[in-house]
Amino acid sequence: MIQAPKGTKDILPKDIETWHFMEKMAEEVCSSANFLEIRTPTFEATQLFSRGVGDSTDIVNKEMYTFEKNERSLTLRPENTAGVVRAYIENGMSRLSPPVKLWYKGPMFRYERPQAGRQRQFHQIGVEMFGESSPLADVECINLAVSYLKKLGLNDLVVELNSLGCKECRESFKTNLRAVFEKYLPELCEDCKVRYEKNPLRILDCKNENCGKIFQNDTIQKLINSDFICGECDEHYISVQKYLDDLGIKYSKNKQLVRGLDYYNRTVFEIKSYNLGSQNAVCGGGRYDGLVEMLGGESTPAVGWAMGMERLASLLPEREPERLDYFIISTDTEKTLILANEIRSAGYKVDYDFRGRKFAKQLDKAIKTAKNALILGEDEIAKDEITVKNLIKSEQTTLKKEAFIKELLKK
RNA sequence: GCGGGUGUCGCCAAGUGGUUAAGGCCCCGGUUUGUGGUACCGGUACUCGUGGGUUCAAGUCCCAUCAUCCGCCCCA
């Protein structure tokens, strides 16, 4: 028996209503804020990710599905910001009047050990905004995420906020971090030793118990809590908070929120649920002012976020499948075939029993699946009539078939 | 990549070395040639993830392997 590949899941009909709901709400919320949908390829040149996402990240180092074709290295997208940025540059979207606001949905691929809330193929909904450096843009994005989650009916979510500063202040912070951690270098875990060289900011993200103990140290706490960001970055961060307050969006500041993607600067945020187990981030995002330029475009400020749809789905209640408008009960399968076709052409959902089973069995099926039963038995056929039985109100009327069809077309 | 749990029908499950592998849901048929989900009766696993081994005897014990779940790491 061939099984679905490890870490992939079938989205079955019983769950599809939830997925339609998530997609429909995303479309509504995004277009209400003038974000336009974009669809980019599911695979891209490997270089796009190694340069865009950053080669100090786990995503690029060990989680990419990469394959060669005609001496080209291609990779199944592990996230979609790099792809959207590529499309933005390639299609000359910098010529559009800024800000350019885009949203997307689709599958992403990461080669990881599957776990609750973590799959190798998973789906994201995300937004990207280009060409606006104002903190308003950051807040518009965060607000969009919060509005969307609210629209889905999700409560008990926490927004966490941090600022990573700009290139300049980040470099000086990195230098400071290295200076402080130098003493503890032998005690740090293996991963952190690598992080020390490549990106010491990510040491703060380490969950290793021993490293956690080291973080308790006074000088380190002082450094973590110090406002290393420069005046301009601080001003930006304060404005973001002010606008969030204006909107009544609650958030908590988390100085250890660093994020594993290299492209972020200034504002970063996550939205978490405590009903999710250890993979508790439902949304993650931030500002990435350097990425467009790094990928060959003009220097363009940008902000965005992505949400994991499987994680959202697991927080949503199950939805009942929509009922059929009609279920035809009949012993004459030929007449039924024709009638079903006519009703479907008029735009209604119809089904019927293919095997011409007994009346009681067919009625049973109608009760389970439809709003109305259409009875087309010997009596009706003889008089060219049809009986419409409303299964909810428990009322029924018999009328000429012509009249029934005419009635359908009228609605 | 590392640690732990679990694999018996489509789903939930009993079974703890000894004849023919409970039960429930769903599905199918009947009681009932045309009007309400009830009730009652009947049907659906040549076999317990797979391969070895131990034993007179294995779903039950051992080993391996695969799958899956949970945690670490990382992220959505």
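Chain A is the first sequence line, chain B the second, and so forth, proteins listed ahead of strands; every chain is numbered from 1.
Taking atom C1' on both nucleotides, G36(B) is separated from C12(B) by 28 Å, rounded to a whole Å. The gap from the C1' atom of U16(B) to that of U32(B) amounts to 47 Å, rounded to the nearest Å. Rounded to whole Å, the separation between the P atoms of C28(B) and C62(B) comes to 42 Å. Between C48(B) and U20(B), the two P atoms lie 14 Å apart (nearest whole Å). Distance noted for atom P between U65(B) and C72(B): 26 Å (whole Å). Here the separation of C61(B) from G17(B), taken at their P atoms, is 8 Å to the nearest Å. Comparing the C1' positions of C56(B) and A45(B) gives an interatomic distance of 27 Å, to the nearest angstrom. Rounded to whole Å, the separation between the P atoms of A13(B) and C70(B) comes to 15 Å.
Comparing V282(A) and K62(A), the nucleotide of RNA chain B nearest to each residue sits closer to the 5' end for K62(A).
When the P atom of U33(B) is taken as reference, atom CG of D353(A) falls 17 Å away, rounded to whole Å. Across the protein-nucleic acid pair, R118(A) atom CZ and C70(B) atom P stand 10 Å apart, rounded to whole Å. Rounded to whole Å, atom C1' of C27(B) lies 17 Å from atom CD of Q362(A). Rounded to whole Å, atom P of G1(B) lies 15 Å from atom CG of N61(A). Distance, K365(A) NZ to G29(B) C1': 15 Å, rounded to whole Å. We find that CD of E79(A) is positioned 18 Å from P of C74(B), with the value rounded to whole Å. Nucleotide C11(B) holds its P atom 15 Å from the CG atom of D15(A), rounded to whole Å. The CZ-C1' distance, from R120(A) to C69(B), rounds to 14 Å in whole Å.
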What string of B, S and - do you get for nucleotides 34-42 of chain B, 5' to 3', when a contact is any protein heavy atom under 4.0 Å?
-> BBBB-----
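A donor-acceptor contact closer than 3.5 angstrom is absent between the side chains of D289(A) and S133(A). Checking Y288(A) against D262(A) by side-chain atom types alone, no donor-acceptor pair falls below 3.5 Å. Using modelled atom types, one finds a donor on one side chain and an acceptor on the other under 3.5 Å when comparing T387(A) with E380(A).
Proximity of residues 301-311 of chain A to RNA chain B (heavy atom under 4.0 angstrom from any strand atom) is restricted to A306(A), G308(A), R311(A). At a non-hydrogen distance threshold of 4.0 Å, F122(A), Q124(A) from residues 122-129 of chain A come into contact with RNA chain B. RNA chain B is contacted by R110(A), E112(A), R113(A) of residues 100-114 of chain A, taking any non-hydrogen atom closer than 4.0 Å.
Within a 6.0 Å radius of CD in E402(A), other residues, nucleotides and ligands contribute 12 heavy atoms or fewer. Heavy-atom neighbours of E182(A) CD from other residues, nucleotides or ligands within 6.0 Å: at or below the threshold of 12.
When each of V146(A), V282(A), L316(A) is checked for a side chain to side chain contact (heavy atoms under 4.5 Å, CB included) with L154(A), only L316(A) meets the rule. No option in K349(A), K371(A), R344(A) other than K371(A) meets the salt bridge (charged side-chain N to carboxylate O under 4.0 Å, His left out) test with D325(A).
Contact annotation: the side chain of F173(A) never approaches that of L164(A) to less than 4.5 Å [non-hydrogen atoms, C-beta and beyond]. Counting heavy atoms from C-beta on, the side chains of K6(A) and P114(A) come closer than 4.5 Å.
Figure legend. A67(B) is base-paired to U6(B); pairs are counted as Watson-Crick or G-U wobble with both atom distances under 3.5 Å. Look at G18(B): its Watson-Crick or wobble partner, with both distances under 3.5 angstrom, is C56(B). Pair check for G1(B) finds C72(B); Watson-Crick or G-U wobble, both atom distances under 3.5 Å. Across every strand in view, U44(B) sits unpaired, with no contact that passes the Watson-Crick or G-U test at under 3.5 angstrom.
Within 4.0 Å of E63(A), counting heavy atoms only, lie sugar-phosphate atoms of the nucleic acid but no base atom. Using a 4.0 Å heavy-atom criterion, one finds that K9(A) contacts the sugar-phosphate atoms exclusively.
Relative ring orientation between F181(A) and Y184(A) is described as perpendicular, the plane-to-plane angle rising above 60° on a 0-90° scale split at 30° and 60°. The aromatic rings of F130(A) and Y88(A) sit parallel to each other, their planes meeting at less than 30°, with 60° as the upper class boundary.
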Please walk me through it: do E128(A) and T81(A) pass side chain to side chain donor-acceptor pair (under 3.5 Å)?
-> CA-CA 7 Å; E128(A) 314 292 350; T81(A) 297; 2.8 Å; yes
Check against salt bridge (Lys or Arg N to Asp or Glu O under 4.0 Å), D379(A) and K383(A) = CA-CA 7 Å; D379(A) 298 351; K383(A) 296 187 214 160; over 6 Å; no
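In this structure, CD in E37(A) is found 4.0 Å from CH2 in W103(A), a value given to the nearest 0.5 Å.
Checking the phosphate oxygens (OP1, OP2) of C28(B), a side-chain nitrogen or oxygen of R357(A) falls inside 4.0 Å. Between Q115(A) and G71(B), a side-chain N or O to OP1/OP2 separation shorter than 4.0 Å is present.
C26(B) shows a glycosidic angle more than 90° from 0 and is accordingly assigned anti.
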List the atom pairs, donor and acceptor, that lie under 3.5 Å between side-chain atoms in residues 9-28 of chain A and the rest of the protein, sequence neighbours left out.
| unit_1 | atom_1 | unit_2 | atom_2 | d |
| --- | --- | --- | --- | --- |
| E28(A) | OE1 | K151(A) | NZ | 2.9 |

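Listed by first then second residue, pairs satisfying ring pair (Phe, Tyr, Trp, His ring centres under 6.0 Å) with a partner in residues 389-411 of chain A read Y326(A)-F404(A), not counting sequence neighbours.
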